[in-house]
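Naming convention: chains lettered A, B, ... in sequence-line order (proteins, then strands); numbering from 1 in each chain.
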Amino acid sequence: MDLSFSPEQEQLRAGARDWLASTLPFDRIASIADSEAGWAPESWQQVVDFGWLEPDLLSLIDLAIVFEETGRGLYPGPLLSTVSALPLLADKDRQAVAEGSLRVSVAWAANAPGLTLSPSGKLTGEARHIPDLELVELVVVPVAGGRWVSVDPKSPGVTATPRATTDRTRRRGDLVFDGADATDLDVDEATVRHAEMRYQVLLACESVGVAQRALEITRDYVSERQQFGKVIGTYQAISHRVADIYTRTELSRSLAYWSAVAVNSDSIDAEDSAHAAKAFAGDGAVLSLEEAIQAHGGIGFTWDHILHRFYKRARSNASAAGRASEHRAALADAIFG
Amino acid sequence: MDLNDTPEEAAFRAELREWLETNLPAGWAEKDPLVGRMETDFSREWSKRLADAGYVGLTWPAEYGGGGKTPNFQAIYLQEIARADGPDHIGVIGLGMAGPTIIAWGTEEQKARYLRPLLSGEEVWCQGFSEPGSGSDLAGARTRAVLDGDEWVVNGQKVWSSWAHIADWCILVVRTDPDAAKHAGLSYLLVDMHSPGVDVRPLTQITGDPEFNEIFFTDVRVPKDSMLGKPGDGWKVAMTTLLHERGTLGFALTAKLEQALKRLVTTAKRQGRDTDPLVRDRIAALWIDLQALRYTNYRSLTALMKTGVPGPEGSIAKLHWSEAAQRLGNLAIELLGEEGQLDADGSMWNGYWTYQQLRSRGNTIEAGTSEILRNIIAERVVGLPNSR
């Protein structure tokens with residue numbers, strides 16, 4: 001049993017962290033979030049150069065590190081969307097993704113329950129809550145019979161509706177298909193199940209990074225801010241809250257790493273680990289951000305302060321890929337047999 | 001990153017499982033869970049058997065009777081013994097607190113004298129740290145030791161001392177220099193509990209069990225060479241004690257929680273509440289807590305194995321475990337409904353859950369209150385300024 005990372009993995013983490021720190025300081029994240037575009041397209045080349053989009057280069061454990069860092073850095077862009085789609089894509093699309101010319105998103109089954117594909121390959125129905133819809137050139141959706149197809153959201157027969165989204169660093173949109181051309185992806189049930197678990201794992205890792213950043217921001221603030229003649233971090237009502245953020249984040253991190261290893265090796269506890277990590281880390285980050293805002297007092301409640309951006313990402317992740325209660329229900333089924 | 005046992009670990013685990021199967025009394029796995037404190041005679045005999053088989057003091061130096069192994073083997077031992085519901089060694093204080101402290105601070109003579117009988121369970125240790133006036137604030141200890149010739153003369157009172165009623169030896173924090181600044185005036189003595197002047201009085205816990213004790217010291221004479229370290233080293237030595245089994249204590253706690261959770265599932269089924277979605281949700285949440293603790297322990301152990309220092313995330317183990325244990329006990333009592341208010345043979349498993357739930361109220365107080373642990377996490381791990 002060895003839960004340490006290799007030197008190469010530590011390097012992967014450092015590279016991500018340094019890049020995000022230098023190109024995406026808080027004021028840049030805020031202005032991107034408040035902009036119409038909602039991302040910085042020029043950042044994609046670096047993502048490509050890092051190799052994060054190469055389907056066979058990075059293991060799920062490596063990706064766990066990447067997303068912990070992009071969560072901590074609140075990277076705005078279709079990165080998780082694209083990476084989450086990779087296992088489902090045709091080879092030529094995977095190639096285009098790796099080269100940087102294609103970005104993808106997924107309408108997961110719960111958000112696209114009634115799609116049908118005609119014998120001539122025409123798609124009908126609705127798909128909702130597609131992350132980064134405006135920023136991608138291809139969307140993957142499920143159709144009746146357990147099949148999956150890919151479709152160009154800008155093609156005829158597709159009506160795209162971007163939605164005002166609370167998390168402006170990961171905006172959602174809906175698609176209505178009315179006889180749109182779609183390409184069958186020929187993926188089996190096991191591949192889809194693995195892709196779903198993988199998405200849960202990476203969401204959990206991102207949430208760990210989001211909570212970690214909130215911990216750091218809060219630590220710094222309460223170590224400086226004074227009231228009643230003392231640094232407020234010396235008041236235990238504040239410091240104990242910070243200790244709870246730390247505790248919750250470390251427990252989340254342990255679950256996230258366990259799930260990355262288990263799902264990566266498709267071990268017998270892979271499904272359980274993904275449920276556990278998604279449920280705990282997802283909801284955990286929301287609670288930690290709420291405590292961080294509270295520890296900041298009035299300024300934590302302002303638009304100008306960066307915390308709400310992290311809070312809204314935490315909220316978004318908690319809702320994606322299943323509510324925590326649904327994951328716990330699945331675990332209870334396994335526990336009670 | 002690898003979650004599997006190495007071949008050596010797997011072999012050790014398999015061998016231990018087999019040993020437990022052979023050496024636990026017949027029908028052990030099927031029996032009702034133990035309620036409350038252990039049977040002392042059985043425990044002594046069991047302790048000797050464990051020690052003879054080489055399963056006690058696994059990480060202690062071989063020259064003092066230990067196994068000379070790395071901490072991962074201790075982690076495996078703790079997991080397997082808990083899964084088998086194996087009885088505790090009678091010397092938990094000795095193994096976890098006194099022994100490691102003597103190894104770190106003792107002279108060769110002290111190590112040669114004390115360690116082997118501790119491992120076999122022949123000699124039992126208790127701890128003399130807390131006093132009525134100083135619990136969390138250990139440095140406030142006022143039990144006095146005054147040098148008289150070749151002996152320290154001890155006067156004072158200690159409290160919350162588990163196993164003092166059967167103990168042969170006591171690790172005792174005393175004040176040897178009342179004029180020195182608080183932490184600096186403390187010393188650490190190894191005291192023979194059979195000495196004249198030592199008076200042990202049991203204290204009853206809310207469970208009804210007299211699991212811990214007061215110890216009164218009246219002119220107790222302790223040989224000079226029974227001190228660990230020098231006069232004034234007491235605080236540093238005590239810190240070694242309190243950081244006992246860093247990196248592996250979490251495994252013992254988590255493994256016991258795993259056993260309790262299995263019993264909780266059985267209880268939910270027995271009560272016909274296993275289809276209630278709210279019950280299922282709470283049990284799944286506890287299961288998640290368990291896994292989170294398990295993998296946090298492994299992360300901390302990984303750091304300990306690689307660097308000699310447990311990872312900082314290990315500091316959360318006791319804190320989170322204790323609160324999860326309380327949630328678990330509370331849910332069990334709730335599942336039992338009115339039956340949860342009965343005890344002894346009128347109650348499920350002879351009052352097992354009554355004992356567990358009431359006992360769990362002490363989990364957030366003993367071995368570092370949750371308040372102190374949060375201070376430590378905030379100040380020493382996260383780096384907030386000191387609150388005091």
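- B:E371 and B:S136 form no side-chain donor-acceptor contact under 3.5 Å, judged by distance and modelled atom types alone.
- A salt bridge is defined here as a Lys NZ or Arg NE, NH1 or NH2 lying under 4.0 Å from an Asp or Glu carboxylate O, and A:R253 with B:E313 fails to meet this definition.
- Residue A:A330: no heavy atom, backbone or side chain, is found under 4.5 Å from chain B.
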Below 3.5 Å, can you tabulate the donor-acceptor pairs from side chains in residues 226-233 of chain A to any protein atom, sequence neighbours excluded?
none

| field | salt bridge (Lys or Arg N to Asp or Glu O under 4.0 Å) between B:D274 and B:K269, worked out | value | CA-CA 5 Å; B:D274 54 307; B:K269 289 177 179 170; over 6 Å; no
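- Put simply, of B:M305, B:R294, B:Q291, the one with the most heavy-atom pairs under 4.5 Å next to chain A is B:Q291.
- With a 4.5 angstrom heavy-atom cutoff, B:A303 does not touch chain A via any of its atoms.
- For B:D289, the part lying near chain A is the side chain, with the backbone staying farther off; criterion is any non-hydrogen pair under 4.5 Å.
- Aromatic ring orientation, B:W349 versus B:Y352: perpendicular (interplanar angle above 60°, classes split at 30° and 60°).
- A:L57 and A:G51 get closest at one heavy-atom pair: CD2-O, 3.8 Å.
- Using a 4.5 Å cut-off between heavy atoms, B:L261 makes no contact with chain A at all.
- Using a 4.5 Å cut-off between heavy atoms, B:P312 contacts chain A through both its backbone and its side chain.
- Proximity to chain B is limited to the side chain of A:D269, based on heavy atoms less than 4.5 angstrom apart.
- Partners of B:R280 according to the salt bridge (Lys or Arg N to Asp or Glu O under 4.0 Å) rule, which considers only residues two or more places apart in sequence or in another chain, are A:D333.
- Ring planes of B:F12 and B:Y55: perpendicular class, angle over 60° (limits at 30 and 60°).
- B:K306 touches chain A through its side chain: at least one heavy atom from C-beta onward sits under 4.5 Å away, while N, CA, C and O do not.
- Against chain B, the residues from residues 202-224 of chain A that qualify, each with a non-hydrogen atom under 4.5 angstrom away, are A:L215, A:R219, A:V222, A:S223 in number order.
- Two residues are said to be in side-chain contact when any heavy atoms from C-beta on lie closer than 4.5 Å; B:Q356 and B:R263 fail this criterion.
- Heavy atoms of A:L251 lying under 4.5 Å from chain B belong to its backbone as well as its side chain.
- With chain B as the partner, the residue from A:R328, A:Q9, A:H327 showing the most heavy-atom pairs under 4.5 Å is A:R328.
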| field | B:Y298 and A:W258: CA distance, side-chain angles, deciding distance, ring-ring contact (aromatic ring centres under 6.0 Å, His included) verdict | value | CA-CA 10 Å; B:Y298 278 127; A:W258 166 43; over 10 Å; no
Quick one: side chains of residues 378-388 of chain B, donor-acceptor pairs under 3.5 Å with protein atoms, not counting sequence neighbours, listed by atom name and distance.
unit_1 : atom_1 : unit_2 : atom_2 : d
B:E379 : OE2    : B:S387 : N      : 3.0
B:E379 : OE2    : B:S387 : OG     : 2.8

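- Across B:K262, B:H320, B:R282, the residue that shares the most heavy-atom pairs under 4.5 angstrom with chain A is B:H320.
- Between the side chains of B:Q79 and B:R13, at least one donor N or O lies within less than 3.5 Å of an accepting N or O.
- Contacts between A:Y246 and chain B at a heavy-atom distance below 4.5 Å involve the side chain alone, from C-beta outward.
- Interface summary for chain A: among B:N375, B:L319, B:V279, the most heavy-atom pairs under 4.5 angstrom belong to B:N375.
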